[in-house]
Every structure is written in structure tokens, then in C-alpha cells.
Amino acid sequence: MANADEPPLLTILAYHDIRDQVADSGDADPYAISTERLVAHFDWLSENEFNVISLDQIIAASEGREVLPENPVLLTFDDGLKSTYTKLFPLLKAYDYPAVVAVVTDWIENPEIQVEYGAEQLTTEAFVTWEQVREMNDSGLVEIASHSHNLHQGVLGNPQGNTMASAVTRKYNEENGQYESDDSYQQRIRDDLARSVELIEAHTGIAPRTMVWPYGAYNQVGNEQAISVGMPITFGLQNPPQQLEEGMPLLGLQRYLISDNPTLADLVGTIRLPSTPPTRRIVQLDLDYVYDEDPEQQQRNLDALISRMHHLKPDYVFLQAFADPDGDDAADAVYFPNRHLPMRADLFSRVAWQLYTRAGVQVFAWMPVLAWQLPDLDQRHALALPNPESGEVFRLDPTNPEARRIINEIYEDLTAASWLSGLHFHDDALLRETELPALYPGNPEARSQYLIDFTLELKRSAERNRSALKTSRNLYPMPVLEPESRAWFAQDIDQFVSAYDYTALMAMPWFEGSDAPKQWLEELADAVRRHPGAMDKTIFQLQTVDWRSGSRVPGDRLPELLRFLETKGVRHFGYYPDDFILDMPPLSSIQQVISRNNFPYLKD
């Protein structure tokens, strides 16, 4: 139940085609809904005190001129298919429901258009006409939004031939082996949106104020271009309902994607979310295991990885985006094009995309925060921590403005070249008491917050090209087990829980020298539980290798420890590393505890 003083949660539903006959599963168009079920949805909303609201009401609430009613719901319909006019529009008039209808202007305008839509090839006849668009707009019930002019398509996104969402992808040119420049990309997006606005205004008399991003894929650059052509309201496609605070920009508003012809029970389950966050399972992967100088061997490695993750089905994969061939725990190179480090191979984009499309998992880019071995030795030494603790990994000085600029640009380049859902910050983000002693002396919480603020700055840089990124960060166990050690690590679990979507606690008993792993893990779980809300956001990350001896943790030992953690109230867990080539840990033993098919969960 929402606090009476807080704005109500806004639910936005994203529908597409409406047909009289739609299969419950396996339909050629997975996003179609039957007319009967859409009517059932509308009936249920009206009978259960949900208030279907207009975009005007959302704008008024964001400007502080109006308060949203209880249980507000906004209806949106994408793509501008003919059924929007023939089936939806009569229902909107019958129920007196407002809605946002987003049209792809090229699909209406171009008589020779051929659109791949599910398993079909559609022509312009499958979409609304400008006359129908004008009639819906004039009714006062329908807000016509742009769904782009011609961005609702994939473009070549890497040398391996993967096609990715046009609105957020720097196009790869096979002829010259170059990616689209930032200036060219921005101009392409602006020109497309401007053309869409021009056509909608010409045919309706009203310029659209709303951009609905194709595939829900958007970024800061795209939102800036939408604003520049008069569309300060944009929509994505993520699940969580949102609270509209006064003064909050209406950018990237999140929507539930309606798919698989949902029943009324499905809709009820979607809107009435449980209060407990979903349980998560993660696997952390070394991209170094995929990389090989032999392209054929590299392809075999990739196929083995995708097959394993397809069968394992974790929620998230934390995928290494940097290379550390000399094993000193600092990044010597990366697996994506960038401005500052050697690119070992243009591989991260391909693997992340294959994991997402073929294995169905969300990918977090696993990235260092400070441990970057810049290739220029003079620059490396000039920007390094001035007095690193003996034996510690090489790190750049986060108080140095030039070092900060370079690291921010590396993160920006990562998302310019890659499709990903989140960022996983490596365990190098620490500051010992003896390092930078003038930085908040005697105040470990302030030193911890300084590093947190820097990681969130990196997130903002990454979100220039890939918005709505989730975050995870490694936390050493000692600041949890022995709070006085927070000063030595500049890490604090309460601050992590507040700052990040997930805290990846390095729950590695052998790494910490324990010979009684169950007891050690139980003590760690008890320590986390003492921090309010920490169990809901902490991933217990176990080890599969005993690095002291170089031996692997026995195949049945890891599942045993993960199940033990479940009995102690641990909700999220995973492991590192996964060896998909040697099947370690064995798929037959680990699948039952890691696969999201084996426990209740909610998709992102």
C-alpha cells in the first residue's frame, strides 16, 4: 500500500495489434491481443477502481498542477496497425478511455514499404491511414505520438553481422570497417525524428509532443534529440510502475509490454506486483575464455557459451568487458572500440547480443572502476594513485580530473558499441587508509561515498548511449563481518544497498582462508541480515575455484552451499567463474539451483 503522502504508482500498458483470433501461445505475432481479452482488460480496469488517465493528466501532475487519481493507468498502443482504428478506437469511445497511439510515419507514408512484422511481411495497407490518424486525433481521446519515421528496424551493429535497434546503435560500415561517428549518429536520429514530427503535424494539424522509442530502446542522446524537435515526453519498455514527482522530466517512462495474448489473470498479476523483489540468479563470465586468435576456435567457444547459458538460464550474466592477459588484475585492453585502450578484439558486443537474443539472459558489463593500465607509460604514471599500498593492484587516482575524464569516456564508449542491461563494478573500487590520506581523513563513510559517487558518475556517462542501466558492485566480506574494517576498504554495505540495484558480496570462504565454509557463510548471512533491506539487494557470489590450491570446488559442493544459503534467507546468489568449455561447475548439478525456471521470478 502506497504512503498517503506519496504520489500513486503509475502503471503504463503497452499494446500492439488487436485481432479477433489470437493463439494463447505460439502466435505468429506474440504481441497481438484478442479483441475479447482486450475488452476483458478494459472491463476489469473499470470495475476495480483503476483510473485510465490521459497524457495531459500526467503532464499536469509532473508540473504540480494536478494530483493523479488513485491507481492511475495509461494505455499506449504502438506501431499504428490498422486494428488501432478498426478495433481499438470504437472501444475507446465506448469506455471513454484516453490512449496514446504511436505511429511509424514511414510505414504510413511510403506506398512501397515492406515491414517484417513477426512472421509476416506487411505493406502500408496493414497500417492506419493519415485520414484515420486525423480522425482519432480530433476525437480528443487519442494522443498521436511518434514511433519514429524509420528507426523501427535493426541496423548492422558489429563486424560479426548482428543487427541491433537503430535508435541506439552506431552503425557498422562493412566496406571501411568503421563505426558511425557520434556526430553522424546524432544527426541521423535528429533528422529521423524531425521528419516524423513534420509529417504528423502536416496531417493532423498538431505537432506530437511524445516519442515512443521502437523496441523500448533509447538513450540520453536520443532523448536530447527528441526534446530538440519538440517531444519532451518519451517512453521506453521496462516493467516497474513509477511515481511521478513534481518537476520530474517525463523521459523514458516505463511500460509493461503486453505479450502472449494475456488473460485477465495475467493482467491482474502484472499490475498487482508482489511487494517482495524477485529472486535473482547470476553467473559471472570471463570473456577471455571466449577470445581466441583463431576465429574458428573463437566461434566454437562462443557456441559453447551460448548453449550452456541457454540451458542454465540464469537471470543475469556479468560479462567481462576488459582484458587482463598478464593476470595482474588491472585492465590492459578492452573488448570494444574506445578512445583510450587497445582493443584486444571487437567481441563484447557480439557475445552480449548473442546472450540476450539466443540465451535469453540480461547482460551486465563487468568493468573496472580504477584499475586501468593506460598504454602510455608517462600518462599511466602521471595519473596513478600517488602512494598505493604495497602489493595492491594498479589503480588510477580518482581525485585527478584527467583520470576521471578518461575513465568516464571508456564507459561512454562501452555503451556506444554494445547492447547491455547493466554495469557490474569490479572489486578494484577501494581506497586504503594509507592511500590519498588527505581524502576525508578518519571518515570511512565519506571515503566510501566518494567512490560510490564516482561509480554513479560512470553510470551517467554510460547512460548517454544506453539508458535505464541497472548497477551491481562487488563488496568485500570483511566490511560486513568486521565493521571496523570499513576504514581499510572504504566500503560500507548500507551505503551500497542505498546506491546500487544489487551488491555482489564476495561470499568466497576459501578465498578468505576459511576451512569451515558453511559456518563462515552462515556468519556472513547473519551479518547481512542485521542491515535493514540488505537481503533484498545483496547477491551472495560464491567461488568455483579454490585459488589457494588452484583446485576446483567439487561439482556437488557448490549446489550444496547455495541451497544452504537459501535456508538462511539468502534470496539472490551466483558464482564465479564459470568454465563453459570444461563444463565446470557441471551443468547437471548446478542447473537446479541457478536456473530461473526452478523458482518463482518476474522478468525485468
Side-chain angles (χ1 to χ4, degrees), residues 1-2 8-53 69-79 81 83-84 87-92 94-95 97-102 117-119 212 215-216 235-243 253-281 313 315-316 356-357 360-362 421 468 595-604:
M1 183 69 68
L9 286 174
L10 169 63
T11 297
I12 308 177
L13 302 177
Y15 296 88
H16 288 75
D17 198 12
I18 306 144
R19 303 199 318 265
D20 289 338
Q21 300 296 324
V22 180
D24 287 341
S25 63
D27 195 272
D29 179 4
Y31 304 115
I33 186 171
S34 71
T35 311
E36 179 184 11
R37 288 191 178 172
L38 182 61
V39 169
H41 289 191
F42 283 11
D43 281 339
W44 184 82
L45 290 171
S46 67
E47 293 169 2
N48 286 272
E49 299 181 352
F50 281 85
N51 291 284
V52 177
I53 62 171
E70 286 298 308
N71 302 318
V73 175
L74 180 68
L75 303 174
T76 68
F77 293 81
D78 291 1
D79 296 349
L81 289 146
S83 62
T84 305
K87 297 192 180 298
L88 170 65
F89 189 38
L91 289 174
L92 295 179
Y95 284 84
Y97 279 174
V100 174
V101 170
Y117 204 93
V212 178
Y215 315 113
F235 289 91
L237 266 183
Q238 297 281 341
N239 283 354
Q242 54 244 293
Q243 284 181 326
L253 293 173
Q254 303 305 317
R255 305 183 295 159
Y256 289 104
L257 176 60
I258 301 298
S259 61
D260 298 322
N261 196 20
T263 65
L264 187 53
D266 293 331
L267 177 72
V268 174
T270 295
I271 291 181
R272 293 183 169 171
L273 287 171
S275 58
T276 303
T279 303
R280 297 301 187 198
R281 302 291 183 259
K313 285 186 170 53
D315 292 287
Y316 302 141
Y356 175 69
T357 57
V361 299
Q362 302 290 320
S421 298
S595 175
R596 65 171 180 258
N597 286 351
N598 295 322
F599 55 89
Y601 76 102
L602 292 169
K603 293 181 180 179
D604 278 340

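Every value quoted in this text rests on a predicted model; they were computed, and no experiment measured them.
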Could you give the distance from [atom1] ([X]) to [atom2] ([Y]), rounded to the nearest 0.5 Å?
X: Thr11; Y: Asn71; atom1: OG1; atom2: CG; result: 8.0 Å
X: Leu253; Y: Leu10; atom1: CG; atom2: CG; result: 7.0 Å
X: Thr84; Y: Ile18; atom1: OG1; atom2: CD1; result: 5.5 Å
X: Ser83; Y: Phe77; atom1: OG; atom2: CZ; result: 9.0 Å
X: Leu92; Y: Leu75; atom1: CG; atom2: CG; result: 7.0 Å
X: Asp260; Y: Asp27; atom1: CG; atom2: CG; result: 9.0 Å

Close side-chain approach of [X] to [Y], heavy-atom, < 4.5 Å:
X: Phe89; Y: Val101; answer: no
X: Arg19; Y: Asp29; answer: yes
X: Leu267; Y: Leu13; answer: yes
X: Ile12; Y: Tyr256; answer: no
X: Val52; Y: Pro98; answer: yes

**Study point:** More than 12 heavy atoms from other groups under 6.0 Å of OH on Tyr215
**Key:**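 Above 12, so yes.
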Point to revise | Worked check of side chain to side chain contact (heavy atoms under 4.5 Å, CB included) between Asp43 and Tyr95 | key: CA-CA 9 Å; Asp43 281 339; Tyr95 284 84; 2.6 Å; yes
Review point. Has the side chain of Gln242 got a donor or acceptor atom that lies under 3.5 Å from a matching backbone atom of Gln254?
Key: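 Confirmed, Gln242 side chain pairs with Gln254 backbone.
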Review point. Is it true that a side-chain atom of Asn51 and a backbone atom of Glu70 form a donor plus acceptor pair closer than 3.5 Å?
Key: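 Side chain of Asn51 to backbone of Glu70: a pair is present.
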Point to revise | With Asp24 via salt bridge (Lys or Arg N to Asp or Glu O under 4.0 Å) - residues at least two apart | key: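 Partners of Asp24 by the salt bridge (Lys or Arg N to Asp or Glu O under 4.0 Å) criterion, ordered by chain and then number, come out as Arg37.
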Check your understanding: Asp17: what forms a salt bridge (Lys or Arg N to Asp or Glu O under 4.0 Å) with it, not counting sequence neighbours?
Key ->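 Testing Asp17 for salt bridge (Lys or Arg N to Asp or Glu O under 4.0 Å), a comparison that skips the adjacent residues, returns none.
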Exercise for review: Mind telling me whether His41 and Tyr15 have parallel, tilted or perpendicular rings, with 30° and 60° as the class edges?
Suggested key: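 Answer is tilted, since the angle falls between 30° and 60°.
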**Study point:** Evaluation steps, side chain to side chain contact (heavy atoms under 4.5 Å, CB included), between Val22 and Ile33
**Key:** CA-CA 6 Å; Val22 180; Ile33 186 171; 5.9 Å; no
Exercise for review: Dump the intermediate steps for side chain to side chain contact (heavy atoms under 4.5 Å, CB included) on Ile53 and Val73, then the final yes or no.
Suggested key: CA-CA 6 Å; Ile53 62 171; Val73 175; over 6 Å; no
Practice item. Check Pro72 against Pro8 and note the closest heavy-atom contact, atom names and distance. Key: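 Smallest interatomic distance, heavy atoms only, reads CD-CB, 3.8 Å.
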Check your understanding: Going through the distances and angles, do Thr76 and Arg255 end up as a side chain to side chain contact (heavy atoms under 4.5 Å, CB included)?
Key -> CA-CA 9 Å; Thr76 68; Arg255 305 183 295 159; 2.8 Å; yes
Review point. Are Tyr31 and Asp79 close enough that a side-chain donor and a side-chain acceptor fall under 3.5 Å?
Key: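 No, because no side-chain N or O of Tyr31 sits under 3.5 Å from a partner of the opposite role on Asp79.
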Check your understanding: Looking just at side-chain N and O atoms, do Ser595 and Arg281 make a donor-acceptor pair shorter than 3.5 Å?
Key ->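 There is no such pair (donor and acceptor under 3.5 Å, judged by atom type) between the side chains of Ser595 and Arg281.
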